[in-house]
Q: 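So that we are looking at the same thing, I have put the structure below in C-alpha cells.
Keep in mind that what you see is a predicted model, and the values were worked out from it rather than measured. Here is the naming used below: chain letters follow the sequence lines, and residue numbers restart at 1 for every chain.
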Amino acid sequence: MSRRVRRKVGRKGKEKVVLPSYPEIEDEVSGSVYNGFVDWTGLPDDTVIQLFSCLNDRDRASLASTCKTWRVLGISPCLWTSLDLRAHKCNDAMATSLASRCVNLKKLRFRGAESADAVLHLQARNLLEISGDYCRKITDATLSVIVARHEALESLQLGPDFCERISSDAIKAVAFCCPKLKKLRLSGIRDVHADAINALTKHCPNLTDIGFIDCLNVDEMALGNVVSVRFLSVAGTSNMKWGAVSHLWHKLPNLTGLDVSRTDISSAAVSRLLSSSQSLKVLCALNCPELEGDTNFAPRKYKSKLLLALFTDILKELALLFVDITKKGKNVFLDWRNSVNKDKNLDDIMTWLEWILSHTLLRIAESNQQGLDAFWLKQGATLLLNLMQSSQEDVQERAATGLATFVVIDDENASIDCGRAEAVMRDGGIRLLLNLARSWREGLQSEAAKAIANLSVNANVAKAVAEEGGIDILAGLARSMNRLVAEEAAGGLWNLSVGEEHKSAIAEAGGVKALVDLIFKWSSGGDGVLERAAGALANLAADDKCSTEVAVAGGVHALVMLARNCKFEGVQEQAARALANLAAHGDSNSNNAAVGQEAGALEALVQLTQSPHEGVRQEAAGALWNLSFDDRNREAIAAAGGVEALVALAQGCSNASPGLQERAAGALWGLSVSEANSIAIGREGGVVPLIALARSEAADVHETAAGALWNLAFNPGNALRIVEEGGVPALVHLCSSSVSKMARFMAALALAYMFDGRMDEYALVGISSESISKGVSLDGARRMALKHIETFVLTFSDPQTFSAAAASSAPAALAQVTEGARIQEAGHLRCSGAEIGRFVAMLRNPSSVLKSCAAFALLQFTIPGGRHAMHHASLMQNGGAARVLRAAAAAATAPLEAKIFAKIVLRNLEHHHMEPSL
Amino acid sequence: MSRVFKLKSSDNETFEVEEAAALLSETIKSSSSTEITVPNVKAEILGKVVEWCNKHAESEDTKDQLIKEWDAEFVSVDQHVLFKLITAADYLQIKELVDQLTQRVGDMIKAKTLKTVEMTYPTFNVEREVQEELKSLGF
C-alpha cells in the first residue's frame with residue numbers, strides 16, 4: 001500500500017486519542033503507557049536534556065525528582081552553564097549542595113552580599129561571567145577572594161546598587177587575578193585611583209569594556225592609558241575633569257563607544273571628543289545639564305560619529321550606523337536583531353548601546369526629574385519598549401523596570417502619568433510586557449509584572465491588560481514559588497482590582513485563591529508579598545460576590561492571622577482594610593459573623609487601633625465599625641476592651657486625617673447601639689472627643705459623630721454629659737447648617753432625646769451640682785435646642801403641599817408631603833424597640849416642637865422601601881402606637897406638621913400591615 | 001529531477017516523500033537508500049511527521065507568522081501523541097521538530113509546582129536525598 005499524505009491535522013488531536021487499552025501499544029515503545037499516563041521516562045536522553053533546558057531551575061529540580069534516570073540527566077553539565085541565584089537567599093550550605101553541578105558553570109547572577117560570600121562554595125572555577133546586584137555591603141575582602149578563585153573570569157559586573165565598600169584595592173586584586181578580563185562594570189565606588197586603573201592596563205590586555213558608573217572620583221588620566229578599551233562608560237560619575245578628558249581620551253586608539261550620560265560634561269568637551277578621536281563612533285550624553293543648557297551648541301554632524309542626547313532623535317541617529325539597511329527610524333533595533341548579515345563590530349556597538357541605554361534610562365526614570373515629559377513621550381517610551389526585546393536578559397529586565405518606574409510621578413500617592421502610560425500602550429507595550437511575563441525567566445517575570453502593575457493604575461491600560469489576557473497571566477504568576485515574582489504579580493492584581501471592572505475576572509482566573517495561598521506561603525518573612533496580597537484581597541472583598549469567594553478560599557483565617565501576627569505596618573493596614581471590607585456585606589453574606597468567630601480576630605483589631613501608624617489605626621477602626629453591625633460581634637468587641645481603645649483613639653485624633661476621625665467616630669457609633677456600651681463610652685470619656693468631631697468641617701466626620709451622639713443621648717446620664725461639655729451648641733450648629741441632611745437629622749434627634757424630659761429627672765436626682773458649677777443653664781440650652789429642632793422640621797414642610805394635605809386626606813397629597821420630607825439615607829438606620837417607644841411617647845410631649853419632631857422621625861423610619869421599615873412598623877404595632885398616632889393626628893392643639901406627619905405614619909403602618917397578607 | 005523517498009512505518013504503511021521534505025531528517029540524509037523503514041513508529045504518527053516535513057519544505061520563511069500558527073496547532077496534541085511524535089522525530093533526527101515538541105512539553109510543565117508535576121508524571125522513588133537537596137535549594 002502506498003499513498004501521499006495530505007491529511008489535515010486534527011484540532012487539538014482530540015479524535016486521535018490513543019487509549020491505553022490498545023493492544024499494540026506495549027510493543028511500540030516499551031513501557032510508554034503507565035496506568036493511562038504517558039511514561040515520559042521512555043524519552044531518549046538527549047531529548048530529556050533538551051526538555052530540561054526549556055525550564056527554569058525550579059522546574060528542573062521538580063522534574064529531576066521524578067526518577068533516578070532523570071535526576072542523573074538533570075545534573076548534566078550542559079544544563080548548568082548558567083545559574084541565577086537572585087531569588088534565593090543563597091548561603092554556604094546551599095552553594096555547597098550545588099557544587100557538584102557547577103563544574104562547567106559559565107555564568108552566575110546573584111543578589112546581595114550574603115550570596116556573594118557563598119559564591120566560593122559553588123567551586124565553579126571555570127566561571128566566565130559574574131553579575132551581582134544589591135552589593136552595598138560587599139567588601140574588598142569578599143570581592144578579592146571571589147576573583148582569586150575564578151581566574152578564568154572574563155566579565156565582572158556589580159551594580160546598579162552602589163558598591164560603597166569596594167575600593168581601589170579590590171580593583172587591583174581583580175587586575176592581578178583575572179588576566180582574561182574583557183568586561184568590568186562597577187557602580188557607586190567612591191574612589192577609583194590611578195594605581196588600580198594602571199594595574200588593569202598592565203594585567204588585563206583584553207579589557208575592552210569598562211564602566212565606572214555613578215562613582216565619585218575616577219582618575220581620568222589613568223583611564224587615558226587603557227589602550228585596549230573599546231567601550232567606556234563613566235555615566236553618573238561626578239568630579240570628572242572634562243578638560244583633561246577631552247585632551248586625553250581622544251588618543252585612545254580603540255575607543256569606539258563612550259558614555260558620559262548624567263554628568264556635567266561641557267559642550268566644548270563633547271565637541272573636542274567628537275572632532276579629534278579617530279576611532280570614536282558613538283558618544284552617549286543623555287541628561288547632561290551643561291550640554292543641554294548651552295543654547296549655542298549645535299549637534300553638528302561629525303563624520304560617521306553619533307551623538308546621543310536627550311535633544312537628538314536617538315533612533316534616527318542609530319539608524320545611521322547601518323549604511324546597508326534601508327528601513328530606518330523606529331525599527332532600528334528590531335532590524336538589527338533580525339538581520340542576517342552579521343557585522344561583528346556593529347554587533348558589539350549595538351550590544352553595548354542596549355546595555356548603557358537601558359541603564360541610563362532607568363536611572364533617569366528613577367530620578368523623576370521635571371521637564372523630561374517631552375523626551376519620554378517622544379522617544380523614551382519607544383526606546384524602553386525596543387530595549388525590552390533585547391536578547392540580553394539584564395537589558396530586558398532593566399527596560400521593564402524602567403517602564404515600571406518612568407510612569408510613576410508620585411510614589412507617595414501612587415499616581416502615574418496618563419500620557420506616558422498611554423504612550424506605552426500605543427506602541428504595543430502591553431502585549432510585549434505580557435509576553436515577557438510569560439517567559440520562563442523569573443527575573444523577567446517579576447520586572448514585567450511590576451511594569452504591568454504600575455501601568456494598570458491607568459484605567460485604560462488596565463482594560464488593555466485585561467483584554468490581552470493579562471489577568472490570567474498575573475494570577476498564574478501569583479502562584480509562583482519565587483517570592484519576587486509572586487510579589488509583583490500580587491501588586492498587579494491589587495491595581496487591577498481597583499474599581500468594579502476586573503474583580504470578577506480576577507476571581508474567575510483563580511486570583512482569589514492564589515492570593516490567599518500567598519499569605520499562607522509567605523506568612524513569615526515576606527512583608528512585600530503579604531502587603532500586596534492583602535491589599536488586593538481588600539479591594540476584591542469590597543465586592544459582595546468576591547467577598548464570599550475570599551471567605552471560601554480561607555481568606556478570613558489568613559487575614560486574621562496577618563492582623564494578629566504580622567509586625568509590618570503596611571501589612572497590618574491592608575489586612576485590617578480587607579477585614580473591614582469582608583464585614584461590609586452584613587445583609588448578604590455571613591462574613592461579618594465569620595470574622596468575629598475567628599479566634600483572636602477582634603482582640604487583634606482592638607490592638608491595632610493603638611498602632612503608632614495612622615493608616616493602621618484608621619483601617620482597624622473601620623473594621624471594628626463594620627463588625628459592630630453584628631450584635632454578637634458588637635458585644636465581643638466591647639468585651640475585648642474595644643470601648644476603652646476606641647475612646648482613646650477618638651481622644652487622640654483631633655489632628656488626624658478625616659478618614660481616621662470618621663472611622664473612630666463610626667466605631668463608637670456602632671458600639672453605642674447597645675445601651676450598656678453607650679454608658680461605658682460615656683464613662684470612659686467618649687463624649688468630649690465626639691463633640692469635638694461633631695464640630696469638624698468634614699461632612700463625613702460630623703455626620704458620623706452626630707450618629708454616635710444620638711445613640712449616646714438616649715441615656716440620660718450621657719445626655720447630661722453632652723450638655724455639660726458644651727454639646728448643645730455643637731449639635732445646634734450641625735442641625736441648622738450641615739451640608740448633610742443626615743447630619744442635620746441625627747443632630748435634631750440627639751437634641752430631642754436630650755430635652756424630652758428624661759434628662760431633667762436624672763439631673764434633679766443628684767449630679768447637677770457639677771453642671772451648675774460649669775454655669776450651664778439647662779433652660780437656656782433647652783430653649784435653644786427646641787428652636788433649632790423646629791426650624792429643622794420646618795425646612796421639610798412646604799406650606800402649599802401641607803395645606804393641600806390638610807384639606808384632603810387623599811393619598812396623592814400625602815405622598816407629595818412624604819416625597820418632600822424624605823431623607824434617603826435615613827432608610828438605613830435601624831432603631832430598637834426602646835428607641836421607637838421613646839419617639840411614640842414623644843408624640844404626647846407637651847412641647848409641640850418635640851411632637852412634630854417625633855412624628856417626623858417615625859415617618860422617616862417607616863417609609864415603605866426603607867431597609868428596616870418593616871421592622872420598625874412591627875415594633876410600633878406591637879407597642880400599640882397606632883392609638884397614639886391617631887390621637888396626635890386628630891389633636892386640635894397640635895401643630896399642622898405633627899398632625900400630617902402622624903397621618904402619614906399611620907398610612908405607612910397600614911401599608912406594612914397589609915404587605916405580609918398580600 | 002528530485003528524488004522520492006519511501007518511508008515505511010512499523011505497521012507496514014509506506015509514505016512517499018519528496019526530496020526537499022525528506023532531507024529535513026538527518027537520518028534520511030545520511031542513509032544510502034531511498035527506502036527507509038522506521039521501526040517503532042506507526043503509520044498514524046509517521047503520517048504526521050511527514051505532514052510536518054512537507055509543510056516546512058514548502059514554506060520558505062519559517063519565521064513567518066502563518067507557519068508559526070500552523071506549528072502551534074501541530075504540537076497541540078495530547079500527551080500520548082506528543083510522546084510518540086518526539087520518539088519518531090528523535091529517531092529521524094529532525095532537529096527543528098524535536099525542538100518544537102520538547103518546547104511544548106516544557107510549556108506544559110512550566111509554572112506547575114512539584115505537586116502538579118507529581119500528578120502528571122508517574123512518580124517513582126523520590127529519594128530522601130533529593131528531597132533534602134531541594135529543600136536546601138529553597139524549593
Q: Above 12 or not: heavy atoms from other molecules or residues under 6.0 Å from CZ of A:Arg337?
A: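 Yes, the 6.0 Å shell around CZ holds more than 12 heavy atoms from other groups.
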Q: Determine the minimum heavy-atom distance between A:Leu51 and B:Gly106, stating which atoms define it.
A: CD1-N, 3.4 Å
Q: So, taking the atom named OG1 in A:Thr47 and the one named CG in B:Leu101, what distance separates them when rounded to the nearest 0.5 Å?
A: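 Here the rounded value is 9.5 Å.
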Q: Does atom CD (A:Glu114) have a neighbourhood of more than 12 heavy atoms from anything else shown, all under 6.0 Å?
A: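 Open.
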Q: Find the distance between CD1 (A:Ile49) and OG1 (B:Thr102) and round it off to the nearest 0.5 Å.
A: 12.0 Å
Q: Relative to chain A, which segment of B:Asp99 carries a heavy atom at a distance below 4.5 Å: side chain, backbone, both, or neither?
A: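 Both the backbone and the side chain of B:Asp99 come within 4.5 Å of chain A.
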Q: Please report the interatomic distance CG(B:Asp90) to CG(A:Asp46), rounded to the nearest 0.5 Å.
A: 5.0 Å
